[in-house]
Engineer: 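There's a structure below that I have some questions on.
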Amino acid sequence: MINRVSRFAPGLLAAFAIGAAQADEVQVAVAANFTAPIQAIAADFEKDTGHKLVAAYGATGQFYTQIKNGAPFEVFLAADDTTPEKLEKEGDTVKGSRFTYAIGTLALWSAKEGYVDAKGDVLKKNQYQHLSIANPKAAPYGLAATQVLEKLQLTDATKAKIVEGQNITQAYQFVSTGNAELGFVALSQIFKDGKVSGGSAWIVPASLHDPIKQDAVILNKGKGNAAAKALVDYLKGPKAAAVIKSYGYQL
């Protein structure tokens, strides 16, 4: 019996080695608005595929600069479609890997219950001191916020009230901590399972700003990494789609 076990041990070890080789790690640059969904998806992704997702969160524009400067990211989940397209044209991505993984929704939010009305008229009343937005040059949700103010003819009236976060997470934090009475945030930051999870909000009509198409792409550093390809495939699947929708995104 002992001889039989020792006879098959090398084969067993080889099988374990193959299994270990198939489990890879993928470094992912994730737009700040997608923090909560990707954290939920990551756990299922690791359980279902064996691969590990290591994420960094920030503004899309800042990630572009970091990628161009050689940051070790292998997959990029942007908050727009123009930045991944630009990287694609510049030869920094794996050909044919870009796709839209979510369409974002902008919301005007206050941590105070009843402060923001269902039509967003609180903006026009102009009785607040601070309005938080993300940096429109680096964060697509910030750009969308400026487009809304322009459409509502409130750009001049709100100019002195705006506090600008580096990314959408910081814009959210200004409101959640009370440093701004209200602010434009990603719906995904305040929405779970079909409802706003706290405070009060106006879900901004999509007609008031350009579509927030969020594209993903495999970067050149991810070429040949099985985990990078597996993540992109996983994001296209039904399990990830259910999570993404639960945070208020469209597909």
Engineer: Using modelled atom types and a 3.5 Å cut-off, is there a donor and acceptor pairing between side-chain atoms of Thr60 and backbone atoms of Ala79?
Structural biologist: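 Here the side-chain-to-backbone pair exists.
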Engineer: Mark yes or no for whether Trp109, through its side chain, and Val116, through its backbone, hold a donor-acceptor pair below 3.5 Å.
Structural biologist: no
Engineer: What is the ring orientation for Phe63 with Phe76, classed by angle as parallel under 30°, tilted 30 to 60°, or perpendicular over 60°?
Structural biologist: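 Because their plane-to-plane angle is over 60°, the rings of Phe63 and Phe76 count as perpendicular.
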Engineer: Looking at Gln189 and Ala186, would you say the former's side chain and the latter's main chain have a donor-acceptor pair under 3.5 Å?
Structural biologist: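 Yes, Gln189 side chain to Ala186 backbone: donor-acceptor pair under 3.5 Å.
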Engineer: Do Trp202 and Val196 come close enough that some side-chain heavy atom pair is under 4.5 Å?
Structural biologist: no
Engineer: Within the distance-only criterion (no hydrogens, no angle test), does the side chain of Asn69 pair as donor or acceptor with the backbone N or O of Thr65 below 3.5 angstrom?
Structural biologist: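 Yes, because the side chain of Asn69 sits within donor-acceptor range (under 3.5 Å) of the backbone of Thr65.
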Engineer: Has Gln27 got a side-chain atom pairing as donor or acceptor with Pro72's backbone, closer than 3.5 angstrom?
Structural biologist: no
Engineer: Pick from Tyr247, Tyr172, Tyr249: which one makes a side-chain hydrogen bond (donor to acceptor under 3.5 Å, both in side chains) with Asn33?
Structural biologist: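 Among the candidates, only Tyr249 passes.
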Engineer: Does the side chain of Val148 reach to within under 4.5 Å of the side chain of Leu108, using non-hydrogen atoms?
Structural biologist: no
Engineer: Indicate yes or no: at least one non-hydrogen side-chain atom of Thr155 is less than 4.5 angstrom from one of Thr146.
Structural biologist: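 Not in contact.
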Engineer: Under a 3.5 Å distance rule, please check whether Ser97 uses its side chain to pair with a backbone N or O of Ile218 as donor and acceptor.
Structural biologist: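 At least one qualifying donor-acceptor pair exists.
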Engineer: Are the side chain of Thr105 and the backbone of Leu187 linked by a donor-acceptor contact shorter than 3.5 Å?
Structural biologist: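 Judged by distance alone, no pair lies under 3.5 Å.
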Engineer: Take Leu231 and Leu53 through the test side chain to side chain contact (heavy atoms under 4.5 Å, CB included) and record every step on the way to the result.
Structural biologist: CA-CA 8 Å; Leu231 176 60; Leu53 188 160; 3.6 Å; yes
Engineer: So, for Phe45 and Tyr234, is the gap between ring centers shorter than 6.0 Å?
Structural biologist: yes
Engineer: Does anything in residues 238-251 form a salt bridge (charged side-chain N to carboxylate O under 4.0 Å, His left out)? List the pairs, not counting sequence neighbours.
Structural biologist: Asp48-Lys239
Engineer: Can a donor-acceptor pair be found between the side chains of Gln214 and Asp80 at a distance below 3.5 Å?
Structural biologist: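 Judged by distance alone, the side chains do not pair up.
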Engineer: Checking the side chain of Asp117 only, and the main-chain atoms of Asp121 only, is there a donor and an acceptor separated by less than 3.5 Å?
Structural biologist: yes
Engineer: Treating Glu88 as the side-chain partner and Pro84 as the backbone partner, does any N or O pair qualify as donor plus acceptor under 3.5 Å?
Structural biologist: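 Flag not set: sc Glu88 to bb Pro84 has no pair under 3.5 Å.
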Engineer: Would you say Thr100's side chain and Asp215's backbone share a donor-acceptor pair under 3.5 angstrom?
Structural biologist: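 Pair absent, no side-chain N/O of Thr100 close to backbone of Asp215.
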Engineer: Do His51 and Glu25 have side-chain heavy atoms sitting under 4.5 Å apart?
Structural biologist: no
Engineer: Assess, by modelled atom type and distance only, whether the side chains of Asn135 and Gln166 contain a donor and an acceptor separated by less than 3.5 Å.
Structural biologist: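 No, because no side-chain N or O of Asn135 sits under 3.5 Å from a partner of the opposite role on Gln166.
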Engineer: Aromatic contact between Tyr101 and Phe34, with the criterion being ring centroids under 6.0 Å apart: yes or no?
Structural biologist: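 Ring-ring flag for Tyr101/Phe34: true, centres closer than 6.0 Å.
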